[in-house]
Amino acid sequence: MTVSNPQATTKVATYCYQCVAGPDLLKVKVEDGVATAVEPNFDAEHVHPAAGRVCVKAFGLVQKIYNPNRVLQPMKRTNPKKGRHEDPGFVPISWDEALDTIAAKLRGIRETGLLDASGYPRVAASFGGGGTPTAYMGTFPAFLAAWGPVDMSFGSGQGVKCYHSEHLYGELWHRAFIVCPDTPRTKYILSFGSNIEASGGVCGVWRHAAARVEQGVKRVQFEPHLSVTGGCSAEWVPIKPKTDAACMHALIHVMLFENARSRLDIDFLKHRTASPYLVAPNGFYLRDPDTRKPLVWDLKAGKAVVFDTPGIDPALDGDFVASGLEVLPDEELVTHEAIAVRSAFGKLLDHERTFTPEWAQGICDVPAATIRRVANEYLDHAEIGATIEIEGRSLPFRPVAVTLGKTVNNGWGGYDCCWARTLMACLVGALDVPGGTIGTAVRLNRPANDRQSSAKPGVDGFMDYPFNPTDKENWIARPQIRNANRTLVPLVANSAWSAALGPTHLAWMQQRHGFESFPEPTQPDVWFFYRTNPVISFWDTPQVAEAVAKFPFVVAFSYTHDETNHFADILLPDRTDLEGLQMLRIGGTKYVEQFWDHQGFALRQPVVSPQGDTRDFTWISTELARRSGILETYNKAISRGAAGVPLKGPNYDFSLQPDRAYGVEEIWDASCRAASAELTEGAEDHGLEWWKEHGFRTIEYPRLQWYLYPHLVDQGLRFEMPYQERISRIGEELGRRLHESGIDWWDRQLTEYRPLPEFHDFSHLIKHAVISNLGGRDEDFPFWLLTARSMQYMWGGNVSLQMVHEVADNVKGHRGVIMNPAAARKLGIEDGDLVEVRSPLRETRGHVVLRQGIRPDTLLMVGQFDHWITPYAKDFNVPSMNALVPMLMDLTDATGSAADIVPVSIKRIGGAQ
Ligand SMILES: Nc1nc2c(c(=O)[nH]1)N[C@H]1C(S)=C(S)[C@@H](COP(=O)(O)OP(=O)(O)OC[C@H]3O[C@@H](n4cnc5c(=O)[nH]c(N)nc54)[C@H](O)[C@@H]3O)O[C@H]1N2
Ligand SMILES: Nc1nc2c(c(=O)[nH]1)N[C@H]1C(S)=C(S)[C@@H](COP(=O)(O)OP(=O)(O)OC[C@H]3O[C@@H](n4cnc5c(=O)[nH]c(N)nc54)[C@H](O)[C@@H]3O)O[C@H]1N2
Ligand code: SF4
Ligand SMILES: [Mo]
């Protein structure tokens with residue numbers, strides 16, 4: 001693939017999706033066939049949420065092409081021994097040799113069977129960075145779809161360490177894989193560790209800056225260290241790590257008990273949530289015996305009626321006497337005659353009564369007065385009763401929002417915080433309405449492209465949710481993949497994303513020892529990975545390395561040598577961001593501040609001739625399909641849309657013939673035509689040449705689609721808040737199934753299935769879990785070690801670029817361990833000193849960066865470094881927390897995740913560099 005006119009200066013339009021905050025559109029200046037600069041794409045000024053701009057990371061893409069340390073031809077390992085200190089002895093081979101070697105393995109697997117003796121897929125694959133690799137891997141998803149069962153179990157850093165509880169509970173409660181403020185309208189944001197000014201990409205920075213200028217938004221940032229987000233917030237509240245749940249309970253307490261009820265959105269609570277549903281003595285809803293619909297107390301008639309009876313005035317709280325049916329776990333039925341019942345809202349009041357600001361202050365170290373003031377400010381800004389017209393429809397306007405960062409919403413406490421956040425929105429009617437806390441996209445529910453239509457009516461007036469079964473007949477007792485996602489986590493559903501959102505550390509842990517009553521742990525016969533570096537990005541990274549070293553056959557799509565492909569058998573060099581060809585859906589609403597008034601497609605195209613003997617990912621995928629004998633199913637998968645664009649629609653058909661191996665340009669030309677036809681309802685069929693010239697094309701995306709609320713109203717549905725009747729029933733059933741199978745090692749996780757989250761001091765719980773498993777005394781590990789994003793880096797994915805490093809180093813904190821000066825003084829540590837940071841698992845070393853903007857009991861290591869192979873980065877000498885954090889069952893929450901936090905000690909071992 002060469003560029004048509006290498007002599008002239010041109011600007012080539014393409015996209016960047018290096019981090020999850022994209023995709024964003026840009027142009028690359030090309031002079032005499034050489035890429036020289038990245039520029040915004042101002043053609044998109046009027047459609048893109050950041051007016052066609054890109055963030056700092058995109059400017060590294062030119063260096064990415066010309067990185068002298070790239071792997072530029074296929075390679076094979078010659079040293080059969082794998083280990084950190086073994087030289088792999090990689091030698092160049094031809095593409096034919098590389099692909100034939102892989103295809104021979106794959107054909108062998110097809111002959112012996114796709115599953116092994118334990119029932120696990122023989123082929124495994126891991127992709128990194130929150131799903132962004134698909135924006136670069138061309139038709140490889142079609143190859144995987146054509147293959148059949150592939151184990152995506154092995155954690156790649158994303159998933160269990162990432163935003164997690166929010167994905168599962170967010171989709172359950174409001175189809176929100178990710179949650180965002182309605183930034184262009186909101187006036188007050190409570191952010192618990194959401195580092196939006198670093199993690200929100202160009203759209204996040206742009207929209208929040210506009211919100212400060214245009215509506216004077218006030219953001220209060222709760223976090224143990226002063227991030228760049230705290231730095232540009234109205235207020236920074238240095239909360240103790242992992243105690244956010246206590247603070248949020250107290251905020252709720254103030255709203256419920258220290259304010260007039262009229263300060264809440266009573267109408268919303270009564271009619272758009274399950275607050276009035278009556279709860280029977282065993283903790284499940286009281287139901288009408290015939291229809292099994294939950295009952296509410298109608299104040300007009302003075303009796304219990306089914307919740308959807310027209311014209312009623314349901315009581316929010318109070319004690320009543322009623323009769324009905326209670327459905328216990330496993331369909332056990334109890335009939336009640338004239339029993340005392342309380343509404344779900346009444347149960348909520350009982351539950352929150354003791355969570356006073358004074359109580360919380362002792363746990364989370366936020367002054368009671370601050371909690372009170374913030375809760376009242378939230379209510380003051382909520383504008384209960386206000387409405388706004390969106391595209392001709394009148395909707396509630398509630399300009400207050402609550403967001404959570406990744407360490408708050410994964411691991412223990414994640415359930416509590418996601419619940420509290422969603423409840424705080426419900427109390428003032430601000431859930432998924434203009435100005436409020438809104439969802440962005442769906443990944444677990446279907447259809448994946450349309451959040452609104454994924455919200456279908458289910459039981460009890462709520463949306464349907466694709467829980468994995470927990471009943472006796474259908475529970476998936478034998479795990480289908482090595483992280484056992486569908487067996488252990490009912491909420492993780494069964495979509496293309498569900499494997500990567502399972503408890504992915506269990507797959508790594510099983511490589512050391514199996515789990516009781518589970519199938520024998522096995523290794524995948526073939527493991528593919530792309531754009532992930534788990535030997536750096538996961539927890540207990542030496543344990544990950546040990547497991548990878550034992551995998552029999554590892555195929556690494558490789559940009560440079562890195563710590564994970566150090567253990568590979570074959571390296572396949574793909575064409576990078578500005579060298580490959582691909583079509584991507586853009587617009588609509590997605591992570592995290594990508595809220596568009598448009599939707600459509602963008603083309604990624606080679607801006608210059610590719611370097612070395614690298615190949616386009618689509619070419620590699622087609623060759624693998626052809627050589628392993630699955631070309632027909634592969635072509636059919638592409639036609640179905642597995643590579644991003646369905647080639648057939650109601651009035652067009654650009655499907656591939658199943659039996660032909662197509663060229664890269666032919667495949668994307670068909671995709672371009674299908675995309676053009678999709679956007680014009682079949683009227684136009686512009687092909688690749690048109691898209692190369694224009695780069696993107698969009699149509700309007702209705703603003704009403706940003707909000708789920710009107711869609712629920714139209715269907716007569718409610719948000720499943722505050723009382724988690726379904727969750728607790730499912731948890732009880734899951735526990736029974738596990739115990740019937742002799743599994744008691746998931747018992748701690750089962751304790752999380754409660755109708756209202758049971759409070760624990762999670763900070764204490766996490767410390768105790770680490771120390772009781774690994775030994776040591778509490779007082780030996782007096783600090784919390786945390787991590788945070790950097791706008792300049794996308795995880796560890798661009799650490800090998802000199803320019804990115806240079807820019808990042810201008811932002812304080814990138815060069816070492818961030819520590820509070822007062823805490824340092826007590827230990828005789830000075831700025832720049834070499835220190836050893838030790839957890840009960842292991843130790844690392846680095847130089848201290850003193851900063852006032854961190855709690856005295858907290859240390860922080862930005863990003864994920866600690867590289868020992870990745871060229872250039874291996875000379876940074878900057879530590880990472882990852883080797884210090886254990887993978888432990890006791891740290892795993894019910895959704896299967898844990899948090900990037902570990903108790904540590906710190907001591908000086910040398911002077912400044
Ligand atoms: N300490 C610490 N650890 C963390 C986090 C943290 O905040 N701190 N965050 C966690 C989270 S939330 C996530 S999502 C994960 C992400 O972690 P991962 O998903 O593992 O992603 P990266 O570490 O960015 O790994 C990207 C790899 O892809 C390679 N690469 C980059 N570009 C290309 C390309 O064009 N072609 C090919 N073939 N390879 C390429 C890079 O060289 C690098 O080896 O990290 C987790 N780990
Ligand atoms: N530039 C850039 N953007 C990215 C990424 C990237 O690598 N680079 N990665 C993307 C991905 S995959 C993810 S998951 C997101 C993550 O996005 P965020 O969660 O917004 O970002 P982080 O900086 O990882 O969050 C860490 C912040 O949480 C705070 N924190 C840690 N523990 C606690 C706690 O117990 N309580 C409170 N209140 N705060 C705490 C830390 O002080 C830190 O400021 O970013 C996405 N965006
Ligand atoms: S935020 Fe930056 S790195 Fe992320 S997709 Fe957009 S331009 Fe690329
Ligand atoms: Mo992530």
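Counting convention: from 1, in listed order, for ligands and their atoms alike.
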With a 4.0 Å cut-off on heavy atoms, is [X] touching ligand 2?
X	result
Trp784	no
Val408	yes
Lys161	no

Considering only non-hydrogen protein atoms, determine which one is nearest to atom 10 (C) of ligand 1 and report residue, atom name and distance to 0.1 Å. Gly157 O, 3.8 Å
among protein heavy atoms, the one nearest atom 36 (N) of ligand 1 is Asp574 OD2, 2.9 Å
Below 3.5 angstrom, do we get any N/O pair linking [X] and ligand 1?
X	value
Asn533	yes
Ala788	no
Thr787	yes
Asn882	yes
Gly128	no
Gly797	yes

Using atom types as modelled and distance alone, determine if a side-chain donor or acceptor of Asn798 lies under 3.5 Å from a backbone N or O of Gln792. yes
Residue selection (non-hydrogen contact nearest [atom]) among [options]:
atom	options	result
atom 27 (C) of ligand 1	Asn67, Thr560, Thr532	Thr532
atom 28 (O) of ligand 1	Arg531, His164, Met881, His867	Arg531
atom 17 (O) of ligand 1	Ser537, Ala556, Gly130	Ser537
atom 9 (N) of ligand 1	Arg789, Gln158, Glu563	Arg789
atom 14 (S) of ligand 2	Pro238, Cys162, Ser763, Cys364	Cys162
atom 4 (C) of ligand 1	Met794, Lys64, His561, Gln864	Gln864

Quick one: which of Arg789, Gln221, Arg219, His208 gives a side chain to side chain donor-acceptor pair (under 3.5 Å) with Glu197? Arg219
Check ligand 1 against Ser558 and write out every atom of the ligand that is under 4.0 Å from a heavy-atom position of the residue. 38 (N)
Per-atom contacts, ligand 1 versus Gly796 - under 4.0 Å to a heavy atom: 22 (P), 23 (O), 24 (O)
Side chain, backbone, both or neither: the part of Ser790 lying under 4.0 Å from ligand 2 by heavy atom: backbone
Using a strict threshold of under 4.0 Å (side-chain N to carboxylate O), is an ion pair present between [Y] and [X]?
X	Y	answer
Asp616	Arg575	no
Asp244	Lys242	no
Asp857	Lys240	no
Arg53	Asp24	no

With a 4.0 Å cut-off on heavy atoms, does Asp577 reach ligand 1? yes
Measuring from non-hydrogen atoms of Gln18 to any atom of ligand 1, is the shortest distance under 4.0 Å? no
Quick note on ligand 2: atoms under 4.0 Å from a heavy atom of Ala198 include exactly 1 (N), 2 (C), 3 (N)
Counting from 1 in the order shown, the ligand 2 atoms closer than 4.0 Å to a non-hydrogen atom of Pro241 are 35 (O)
Lys240 versus ligand 2: do any nitrogen or oxygen atoms come within less than 3.5 Å of each other? no
For atom 6 (Fe) of ligand 3, which protein N/O/S atoms fall under 2.8 Å? Skip waters. Asp24 OD2
